[in-house]
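Inspection log for the structure reproduced underneath, given as structure tokens.
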Amino acid sequence: MLSRTVLLSANALKSKGPIGAGLVQASHSLHTSSKSLAPVPALPEKGGQVRHGIIPEELFQLLYPKTGVTGPYMLGTGLLCYLLSKEIYIINHETLSAASIGAVVIYAIKKFGPSVAAFADKLNEEKVLNAQAVKDVALVGLSQAIEEEKKEQWRAEGRSMLFDAKRNNVAMLLETNFRERIHMVTNEVKKRLDYQIAVQNLNRQMEQEHMVNWVEKSVVGSITPLQEKESIAKCISDLKALARAKASLAV
């Protein structure tokens with residue numbers, strides 16, 4: 001709304017000629033100037049002290065060192081006499097009307113001022129309480145947001161530890177898979193070596209059996225019936241000699 005008002009006033013000033021253009025330029029430079037970063041003083045909650053309802057106390061304090069206590073009153077009285085004597089201000093019916101209106105206003109202020117002031121203070125206090133409630137709600141929300149942000153930052157800091165743990169788990173899985181494959185290769189090589197050893201043992205056993213059978217057949221085939229009878233007789237005589245030796249040893 002403020003920007004629209006400024007735009008309308010600027011367009012109205014442009015139509016006024018050179019003076020309006022200069023005012024537009026001045027207002028443009030005023031609105032586009034850099035913002036002051038100086039802190040704005042807080043507005044006073046209560047107004048300054050006055051005398052007689054309208055005269056500021058600062059005026060009396062300013063004139064006291066030079067004119068004394070009666071200085072401000074003499075200044076006001078002299079100024080009023082000067083205006084009346086020079087006919088700068090002329091007393092007429094409007095003066096009476098202004099005095100009557102002033103008296104009514106003063107009476108209304110004295111009569112209804114405290115109640116109106118109390119009502120205004122009550123409205124102001126309600127506004128302050130509402131603003132404070134909104135501020136408290138905002139502060140609670142911002143505090144929760146700050147706590148959530150701190151928690152997220154803490155989680156982000158622990159994310160590196162989580163990634164390290166995952167890397168370690170992956171490394172352990174790869175190492176386990178590597179060792180399982182090495183074990184499988186070792187078993188397969190061992191099985192093949194055992195097979196080769198079994199084949200060699202079988203060949204050796206068959207060769208030995210074949211050699212024994214061949215020698216046995218050769219020996220049996222080379223014995224004649226006469227040699228067989230002589231060997232049998234020799235065995236019988238040896239057995240008899242062994243029997244006599246045993247009997248002699250027993251006696």
Side-chain angles (χ1 to χ4, degrees), residues 1-16 20-65 69 72-73 75-76 98-170:
M1 178 63 86
L2 180 60
S3 61
R4 292 180 178 178
T5 305
V6 172
L7 182 60
L8 291 174
S9 60
N11 292 329
L13 289 173
K14 286 181 180 179
S15 62
K16 299 298 183 179
L23 293 175
V24 169
Q25 182 66 26
S27 62
H28 185 269
S29 62
L30 177 63
H31 287 289
T32 57
S33 60
S34 60
K35 295 182 179 180
S36 176
L37 301 179
V40 179
L43 295 177
E45 295 184 359
K46 297 182 179 180
Q49 297 180 357
V50 294
R51 292 188 183 183
H52 308 291
I54 58 173
I55 303 175
E57 180 67 22
E58 288 79 2
L59 179 61
F60 291 89
Q61 298 297 330
L62 178 64
L63 297 177
Y64 277 167
V69 178
Y73 300 101
L75 176 62
S100 302
I101 293 173
V104 172
V105 170
I106 293 172
Y107 175 77
I109 292 174
K110 295 293 183 180
K111 181 68 175 179
F112 304 105
S115 59
V116 173
F119 178 73
D121 291 338
K122 183 178 179 181
L123 292 178
N124 190 20
E125 289 177 358
E126 291 179 355
K127 290 180 180 180
V128 171
L129 292 177
N130 293 331
Q132 186 65 31
V134 173
K135 179 181 178 181
D136 294 339
V137 172
L139 288 176
V140 171
L142 293 175
S143 299
Q144 293 178 356
I146 291 172
E147 294 297 331
E148 293 294 332
E149 181 64 23
K150 289 182 179 179
K151 187 181 293 185
E152 293 297 329
Q153 290 179 2
W154 175 73
R155 290 177 180 174
E157 291 176 357
R159 191 177 300 171
S160 59
M161 300 175 62
L162 178 62
F163 288 160
D164 293 337
K166 288 185 177 180
R167 292 190 189 96
N168 293 331
N169 291 334
V170 172

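Everything quoted here is computed from the prediction, not taken from an experiment. Side-chain atoms are counted along with the backbone in the values below, which use heavy atoms only and exclude waters and symmetry mates.
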| Under 6.0 Å from the OH atom of Tyr64, do we count more than 12 heavy atoms belonging to anything else shown? | yes
What donor-acceptor contacts under 3.5 angstrom involve side-chain atoms of residues 158-167, with partners at least two apart or in another chain?
| unit_1 | atom_1 | unit_2 | atom_2 | d |
| --- | --- | --- | --- | --- |
| Ser160 | OG | Glu157 | O | 3.0 |
| Asp164 | OD1 | Arg167 | NH1 | 2.8 |

| query | Which heavy atom in Gln49 sits nearest to a heavy atom in Glu58, and how many Å separate them? | reply | O-OE1, 4.2 Å
Name the atoms and distances for all side-chain donor-acceptor pairs under 3.5 Å in residues 102-116, with sequence neighbours left out.
| unit_1 | atom_1 | unit_2 | atom_2 | d |
| --- | --- | --- | --- | --- |
| Ser115 | OG | Phe112 | O | 3.0 |

| said: As a test of understanding, state which of Ile55, Leu59, Leu62, Leu63 forms a side chain to side chain contact (heavy atoms under 4.5 Å, CB included) with Pro72. | reply: Leu63
For residues 130-146, please give each side-chain donor-acceptor pair under 3.5 Å, one per line with the distance, not counting sequence neighbours.
| unit_1 | atom_1 | unit_2 | atom_2 | d |
| --- | --- | --- | --- | --- |
| Asn130 | ND2 | Glu126 | O | 3.1 |
| Gln132 | NE2 | Asp136 | OD1 | 3.1 |
| Ser143 | OG | Leu139 | O | 2.7 |

| Charged N to carboxylate O below 4.0 Å: is that the case for Lys122 and Glu125? | no
